[in-house]
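Working notes for the structure below.
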Amino acid sequence: MRAAALHSAAGALLLTALSAVPAGGVPSAPGAPGRSAASGVVPGVALAAVRAAARGVDFGNCSDAQDLPGSMQCGTVTVPLDYAHPNGKQIKLSVSRVQATHRDPHNSKRRVPRQGALVFNPGGPGGSGRYFPLIGLLPEWKRIGAAYDLVGYDPRGVGGSAPLSCQDPKRFFKGPAPAPVHPSESYKRERVAQAKAYAQGCAQRAGSALQHYNSLNNARDLDVLRAALGEERLTFMGASYGTYFGALYATLFPSHVRRMVFDAAVDPDPAQIWYRNNLDQSAAFESRWTDFREWIAEHDDVYGLGDTADAVLTSYERARARLAAQPAGGKVGPGQLQGAFLQAGYYDDYWPARAQALSEYLKGDPTQLVAQAGPVREAAAEAENANAVYTAVECNDAPWPTDWKVWDRDNTRLARVAPFETWDNVWANLPCAYWPAPRQQPLDVRTGPGELPPTLILAAERDAAAPYAGALEMHRRLTGSVLVTERDAGTHGIAGGPNACVNGHLDAYLLEGRLPVRRAACAPRPAPKPAAPSVERAARPAS
């Protein structure tokens, strides 16, 4: 799973509404995957949870409180770096909270009783949940924010929680990047060398601690956080990757679960973690890229990029060639263009702006393209940290192919039919082929009848970052779960977005514990509306 653009629909809405807030196959390892893989650290988790419950969380003012709307508070929770040695090195997780308002948004005279804490993770791996509690300011979340303390946190390695780094952040944003759709052998050798160097950089900077940044420890940390918050049972909402370690939590600690929401669920099958999941993701992005191009073609009168998906692709390839010859603003090459349009594969909210930027660039004005695709150097440290955590967690979680020939064979074949994202995904994950830390066997996510309270799974049918088959697999493995599907839609993360049907199921579950009797479907959200060009833009001749 790619970390670079991941945030839930909730996060996307929050960033919009609160713009002032700062910003062959895999070789098998010995032993079959199963619950026994985690049994050796159970006493360490229990001990850490008891200690956390005794200490609680000393919430106070956030360091940047003067820049934040609302009444968010911040604190820390201490967890062992290694749960097999709970008395060894400790790290602190940064936690944030907005307390339940008790105010019914539809009836100002009604006091809403508090139901506990709702803990959220936005995915990644490497995503920060620090600003999640501010989501309660948005209309779609006010009912939930009335009943729950909204709690966000930085998982281990992220942001304020023992941050992980694999290279100097000053080197993270290099110059305008190429992004060959069909890379040459010499380019592949160059990227293999970079992947090896990056993996070694992770080991040099983190030392022996590197192996402890993994999904099982994220699930264990979640139980310690639950205890620190004074919750006997956890109410949790995970988006994207957050659904995976949420499912690990449900498997490891089913009796500690109150309610769980899995939004944009990833495939938890141990055989999919993570190499094959990334192959499936690359294939799914090709379909979503086609959806986007078809939408642009429908609005050719606005963008002038072509009246068919193939014609739009021709315009896009013309921009790639021009950027390869001369980067826009000295910052945006084909790689930055691809990254910006990859974001549009995650969230169709980006479609109008990206299409407008491409249109203007091809008509001679690169301003919007540079603004949307250029690197934000002020965010280099945050981006480097997110990438380091993403890499460490996915590489530590499971065996990966260690022979470059396997990667080359599988992805050369895939790129013939899915060129948009395939090689970019390879380069993001290739350090895992040369990873210096021990690999784990993925836990077999599975719960039986009566082991786990009913849970809610939300999925968009055309989600590319978390293909829909993953939600079906999650549903099969978590007995008693109910799947709600947004049909013919592809936004990555649908909770708290513009779909009233989806939000109705979310509210009913979190506020009343009520789920549909069986799988439910919601009609898709409205398609994005194109941006209307100015007279000046409309009059500019195409090149």
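Just so we're clear, the structure is a prediction, and the values are computed from it rather than from any experiment.
- Counting heavy atoms from C-beta on, the side chains of Tyr148 and Leu511 come closer than 4.5 Å.
- Residue pairs that meet the salt bridge (Lys or Arg N to Asp or Glu O under 4.0 Å) test with at least one member in residues 485-494, sequence neighbours left out, are Glu461-Arg487, Glu486-Arg525.
- Distance check: Leu456 CG to His475 NE2 gives 11.0 Å after rounding to the nearest 0.5 Å.
- Nearest heavy atom pair, residue Ala489 against residue Ala460, reads O-CB, 3.4 Å.
- Applying the salt bridge (charged side-chain N to carboxylate O under 4.0 Å, His left out) criterion to Glu286, with sequence neighbours excluded, gives no partner residue.
- A donor-acceptor pair shorter than 3.5 Å can be found between the side chains of Asn387 and Tyr198.
- Pro352 has its side chain within reach of Tyr303: a pair of non-hydrogen atoms, C-beta onward, lies under 4.5 Å apart.
- The pair Asp507-Arg143 counts as a salt bridge, with a side-chain nitrogen and a carboxylate oxygen less than 4.0 angstrom apart.
- Under the 4.0 Å criterion applied to side-chain N and carboxylate O atoms, Glu360 and Lys363 are not assigned as salt-bridge partners.
- A distance-only check finds a donor-acceptor pair linking the side chain of Thr243 to the backbone of Val266 [under 3.5 Å].
- Checked against the 6.0 Å centroid threshold, Tyr244 and Phe262 do not count as a close aromatic pair.
- Taking the six-membered ring for Trp, Tyr346 and Phe285 have ring centres closer than 6.0 Å.
- In terms of heavy atoms, Ala284 sits closest to Pro467 at CB-CG, 3.8 Å.
- Across Ala319 and Leu358, no two heavy atoms sit closer than the pair CB-CD1, 3.5 Å.
- Using a 4.5 Å cut-off on side-chain heavy atoms (C-beta onward), Gln73 and Asn61 make no contact.
- Remark: the Ser128 side chain and the Tyr153 side chain contain no N/O donor-acceptor pair separated by less than 3.5 Å.
- Remark: side-chain polar atoms of Asn411 are not paired, donor with acceptor, to backbone N or O of Leu414 under 3.5 angstrom.
- Summarising the geometry of Phe172 relative to Ala383, their closest heavy-atom pair is CE2-CB, 3.5 Å, with the distance given to 0.1 Å.
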Exercise. I would like to know whether Tyr434 and Val192 meet side chain to side chain contact (heavy atoms under 4.5 Å, CB included); could you show each step before the answer?
Key: CA-CA 9 Å; Tyr434 312 106; Val192 167; 3.4 Å; yes
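- Legend: residues meeting side-chain contact (heavy atoms from CB on, under 4.5 Å) with Ala177, ordered by chain and number and at least two apart, are Gln336.
- In this structure a side-chain-to-backbone donor-acceptor pair under 3.5 Å is present from Trp351 to Ala344.
- The structure places NE2 of His299 at 13.0 Å from CG of Asp307, a figure rounded to the nearest 0.5 Å.
- The closest donor-acceptor contact from the side chain of Gln372 to the backbone of Ala353 lies under 3.5 Å.
- Looking only at side-chain heavy atoms (C-beta outward), Leu472 and Leu483 come within less than 4.5 Å of each other.
- Counting only N and O atoms by type, the side chains of Thr491 and Asp348 include a donor and acceptor under 3.5 Å apart.
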Practice problem: I would like to know whether Asp310 and Thr308 meet side chain to side chain donor-acceptor pair (under 3.5 Å); could you show each step before the answer? | Solution: CA-CA 5 Å; Asp310 286 345; Thr308 67; 5.5 Å; no
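- Judged by distance alone, the side chains of Asn218 and Tyr213 never bring a donor and an acceptor atom under 3.5 Å apart.
- A donor-acceptor pair under 3.5 Å is absent between the side-chain atoms of Asp263 and the main chain of Gly238, judged by distance alone.
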Quiz item: Should Phe420 and Phe341 be marked as a ring-ring contact (aromatic ring centres under 6.0 Å, His included) after you check the CA-CA gap, both sets of side-chain angles, and the distance that decides it?
Solution: CA-CA 10 Å; Phe420 176 70; Phe341 275 75; 7.9 Å; no
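- Nearest heavy atom pair, residue Gly333 against residue Pro176, reads N-CB, 3.8 Å.
- With rounding to the nearest 0.5 Å, the separation of CG in Asn121 from CZ in Phe132 is 10.5 Å.
- When atom types are taken as modelled, the side chain of Asp397 and the backbone of Trp274 share no donor-acceptor pair closer than 3.5 angstrom.
- Using a distance-only test at 3.5 Å, with no hydrogens or angles considered, a donor-acceptor pair links the side chain of Trp427 to the main chain of Trp423.
- Under the 6.0 Å distance and 45° angle rule, Arg293 counts as a cation-pi partner of Trp289.
- Counting only distance, with no hydrogens or angles, the side chain of Ser96 and the backbone of Gly152 share a donor-acceptor pair below 3.5 Å.
- Between Arg156 and Val389, the shortest heavy-atom distance links the atoms O-CG1, 4.2 Å.
- For the pair Asp280/Gln272, a side-chain contact is recorded, criterion being any heavy-atom separation below 4.5 Å from C-beta on.
- Side-chain atoms of Trp295 and Pro528, non-hydrogen and from C-beta on, do get closer than 4.5 Å to each other.
- For the atom pair Gln343 CD and Tyr350 OH, the distance stands at 4.5 Å (nearest 0.5 Å).
- In this structure, Ser186 OG and Arg191 CZ are separated by 12.5 Å, a value rounded to the nearest 0.5 Å.
- Of the N and O atoms on the side chains of Asp267 and Tyr468, not one donor lies less than 3.5 Å from an acceptor on the other residue.
- Screening His492, Arg288, Gln281 against Asp463 for a side-chain hydrogen bond (donor to acceptor under 3.5 Å, both in side chains) leaves a single residue, His492.
- Counting only heavy atoms from C-beta outward, the side chains of Asn278 and Glu394 approach each other to under 4.5 Å.
- Among residues two or more places apart in sequence or in another chain, the ring-ring contact (aromatic ring centres under 6.0 Å, His included) test is passed with His505 by none.
- Side-chain N/O atoms of Gln99 and Asp149 include no donor and acceptor closer than 3.5 Å.
- The list of salt bridge (Lys or Arg N to Asp or Glu O under 4.0 Å) pairs with a residue in residues 178-188, not counting sequence neighbours, reads Glu185-Lys188, Lys188-Asp408.
- Rounded to the nearest 0.5 angstrom, Leu118 CG and Met237 CE are separated by 7.5 Å.
- A donor-acceptor distance shorter than 3.5 angstrom exists from the side chain of Thr422 to the backbone of Ala418, with no hydrogens or angles considered.
- The main-chain N or O of Asp154 is found under 3.5 Å from a side-chain atom of Ser161 such that the two form a donor-acceptor pair.
- Side-chain contact check for Cys522 versus Val484: some heavy-atom pair is nearer than 4.5 Å.
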Practice problem: Show your working on side chain to side chain donor-acceptor pair (under 3.5 Å) between Glu140 and Asn503 and close with a plain yes or no. | Solution: CA-CA 8 Å; Glu140 294 86 352; Asn503 293 340; 5.6 Å; no
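- Evaluation of the side chain to side chain donor-acceptor pair (under 3.5 Å) rule for Ser287 yields no partner, not counting sequence neighbours.
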Self-check item: side chain to side chain contact (heavy atoms under 4.5 Å, CB included) between Val482 and Ile457, intermediate numbers included
Solution: CA-CA 6 Å; Val482 173; Ile457 301 172; over 6 Å; no
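- Remark: the Gln338 side chain and the Arg320 side chain contain no N/O donor-acceptor pair separated by less than 3.5 Å.
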